[in-house]
There are 2 protein chains.
Amino acid sequence: MRMSKGVEWALHTLINLDVIGGGPMHSGRLAEAHGLSPSYLTKQLQQLAQAGLVSSVSGPHGGFRLARALEDITLLDVVEAIEGDVKAFHCTEIRCEGKIGALSPPPTRTCAVHAAMRRAEDAWRQALAAQTLAGIRADLNVTPAAARLVRKALD
Amino acid sequence: MRMSKGVEWALHTLINLDVIGGGPMHSGRLAEAHGLSPSYLTKQLQQLAQAGLVSSVSGPHGGFRLARALEDITLLDVVEAIEGDVKAFHCTEIRCEGKIGALSPPPTRTCAVHAAMRRAEDAWRQALAAQTLAGIRADLNVTPAAARLVRKALD
DNA sequence: GGCTTACTACTCGGATACTGCTTGTCCGAGTTCAGGGGG
DNA sequence: CCCCCTGAACTCGGACAAGCAGTATCCGAGTAGTAAGCC
């Protein structure tokens with residue numbers, strides 16, 4: 001039950017992309033901004049590109065840039081882009097296996113255990129979808145001085 | 001981001017323990033009731049015992065029995081018993097690493113990304129804590145005939 | 001001098017090893033029950 | 001006839017392998033910019 005650390009990397013990197021603004025930034029710079037593995041961060045950025053959160057530009061002066069405004073990117077978007085379809089609980093229908101499964105008639109309704117876990121996960125997903133990266137950036141309270149600092153670090 | 005399948009096993013097994021009621025039932029029977037690996041289910045039951053959800057009895061005619069009523073067992077109790085402390089998102093404080101970390105003053109407040117992810121997980125945890133196994137069993141709508149069937153399968 | 005063309009350097013993209021955790025299994029410690037012997 | 005003791009069988013409990021997803025890495029494909037050559 002551990003979330004990939006790529007999610008943390010992606011979130012910070014997306015916000016950094018917004019702070020510097022403008023043209024594409026190549027992944028190596030974005031990685032050293034937080035001391036991350038460049039190759040692995042590239043992999044995560046590719047996932048984000050496939051999901052349409054960033055756009056990639058090849059060649060010299062290429063890199064990644066935001067494809068949407070932070071207001072239009074929710075936490076759920078990022079988590080789903082990195083983790084794929086987020087279903088922590090996987091119902092394997094063990095109620096239909098073994099002795100009980102053999103003796104019971106085939107069930108007609110969905111598994112109650114499954115339904116209960118799904119309700120909880122829906123609450124989680126909903127809470128993720130309710131928060132945008134713009135809100136997080138506002139919470140970070142990036143001062144103009146801090147923004148200059150980030151641009152300098154990525155320059 | 002996958003939850004251990006032990007959680008599913010534990011939930012179904014706990015409800016079965018309640019349906020049969022009474023004395024301890026040994027893990028082998030509980031396992032074959034749903035076609036599970038006996039050794040591995042024992043491992044999960046031990047986790048539940050450590051968490052105080054079931055009590056274990058050694059020796060012949062021993063096994064596991066519910067230590068609490070289903071009303072007093074929430075989904076969160078089970079998930080935490082099996083998975084340990086449930087924190088999907090682990091903040092590694094990358095904001096303090098790399099170039100940005102070196103240039104920025106040490107932060108005073110908690111990481112905004114971390115806080116946002118924690119809010120979502122709190123919603124999930126809260127939804128888990130709001131559902132008891134008694135509610136799930138009620139949702140299953142176990143008829144007397146079905147209860148007899150379970151007892152027979154575990155006899 | 002301007003245009004075309006080939007080259008180079010730099011970036012993303014996907015295929016390829018490695019690591020840690022979940023999953024699965026095994027054997028030993030402890031306990032209860034049963035049977036036999038003694039009082 | 002009743003009690004105690006010894007033994008055996010059965011259960012949990014924790015230590016020990018195997019498989020798989022997450023982690024990390026590397027090299028090839030593609031592109032833009034540049035410089036040289038030609039008109």
Side-chain angles (χ1 to χ4, degrees), chain A residues 1-10 13 17 23-32 34-67 79 81-90 92 94 154, chain B residues 1-10 13 17 23-32 34-67 79 81-90 92 94 154:
Chain A
M1 189 62 208
R2 249 187 76 207
M3 176 170 292
S4 162
K5 70 170 65 171
V7 173
E8 183 188 11
W9 295 16
T13 301
L17 279 176
M25 173 63 61
H26 78 272
S27 59
R29 288 278 169 77
L30 291 166
E32 66 185 5
H34 284 303
L36 311 174
S37 156
S39 318
Y40 193 41
L41 179 64
T42 301
K43 194 187 186 76
Q44 310 301 339
L45 286 168
Q46 286 168 19
Q47 305 270 97
L48 295 178
Q50 264 193 325
L53 303 185
V54 300
S55 58
S56 62
V57 180
S58 288
H61 300 284
F64 295 89
R65 91 176 83 192
L66 283 180
V79 172
I82 301 294
E83 297 267 330
D85 199 8
V86 277
K87 294 270 199 318
F89 183 85
H90 284 261
T92 57
I94 61 173
L154 284 165
Chain B
M1 188 60 208
R2 249 188 74 207
M3 178 171 290
S4 162
K5 70 168 65 170
V7 172
E8 182 188 11
W9 295 15
T13 300
L17 279 176
M25 173 63 61
H26 78 271
S27 59
R29 289 277 170 77
L30 292 166
E32 65 185 4
H34 284 304
L36 311 174
S37 156
S39 318
Y40 193 40
L41 179 64
T42 301
K43 197 187 185 75
Q44 312 300 340
L45 285 168
Q46 285 168 19
Q47 305 268 101
L48 296 177
Q50 264 194 324
L53 303 185
V54 300
S55 58
S56 63
V57 180
S58 289
H61 300 283
F64 294 90
R65 90 176 84 193
L66 283 180
V79 172
I82 301 295
E83 296 268 330
D85 199 9
V86 277
K87 294 270 199 322
F89 184 85
H90 283 261
T92 57
I94 60 174
L154 283 163

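Reminder, nothing fancy here: chain letters follow the sequence lines and each chain counts from 1.
Rounded to whole Å, atom P of dG22(D) lies 11 Å from atom CD of Q47(A). Whole-Å rounding puts the R2(B) CZ to dG19(D) C1' distance at 12 Å. Distance, Q46(A) CD to dT16(C) P: 15 Å, rounded to whole Å. Atom CE in M1(A) sits about 12 Å away from atom P in dT23(C), given to the nearest Å. If you measure from atom CD of Q50(B) to atom P of dC12(D), you get 15 Å, rounded to the nearest angstrom. Put simply, NE2 on H90(B) is 16 Å from P on dG20(C), counting in whole angstrom units. The CZ-C1' distance, from R29(B) to dT11(D), rounds to 13 Å in whole Å.
Residues that satisfy the side chain to side chain contact (heavy atoms under 4.5 Å, CB included) test with T92(A), not counting sequence neighbours, are I94(A), E8(B).
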Got a list of side-chain donor-acceptor pairs under 3.5 Å for residues 25-32 of chain B, not counting sequence neighbours?
| residue | atom | partner | partner atom | Å |
| --- | --- | --- | --- | --- |
| S27(B) | OG | T42(B) | OG1 | 2.8 |

Using a 3.5 Å cut-off and no angle test, enumerate the donor-acceptor pairs between side-chain atoms of residues 43-63 of chain B and protein atoms at least two apart in sequence or in another chain.
| residue | atom | partner | partner atom | Å |
| --- | --- | --- | --- | --- |
| Q44(B) | NE2 | Y40(B) | OH | 3.2 |
| Q47(B) | NE2 | I82(B) | O | 3.4 |

| Contact state string [nucleotides 24-29 of chain C, B base, S sugar-phosphate only, - no protein heavy atom under 4.0 Å] | BBB---
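In this structure, M3(A) reaches neither bases nor backbone, as no heavy-atom distance under 4.0 Å exists between it and the strands shown.
When all heavy atoms of R65(B) and P24(B) are compared, the pair lying nearest together is NH2-CD, 3.7 Å. Taking all atoms of both residues into account, the shortest heavy-atom contact from L17(A) to F64(A) is CD2-O, 3.5 Å.
Taking the side chain as every heavy atom from C-beta outward, V79(B) and M3(B) approach each other to under 4.5 Å.
With rounding to the nearest 0.5 angstrom, the CE atom of M1(A) is 3.0 Å from the CE atom of M1(B).
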Polar-atom pairs under 3.5 Å, protein N or O versus N or O of nucleotides 8-11 of chain C: list them with distances, or write none.
| residue | atom | partner | partner atom | Å |
| --- | --- | --- | --- | --- |
| dT11(C) | OP1 | H26(A) | ND1 | 3.3 |
| dT11(C) | O4' | G59(A) | O | 3.0 |

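Remark: S4(B) is in phosphate contact with dT23(C), judged by side-chain N or O atoms under 4.0 Å from OP1 or OP2.
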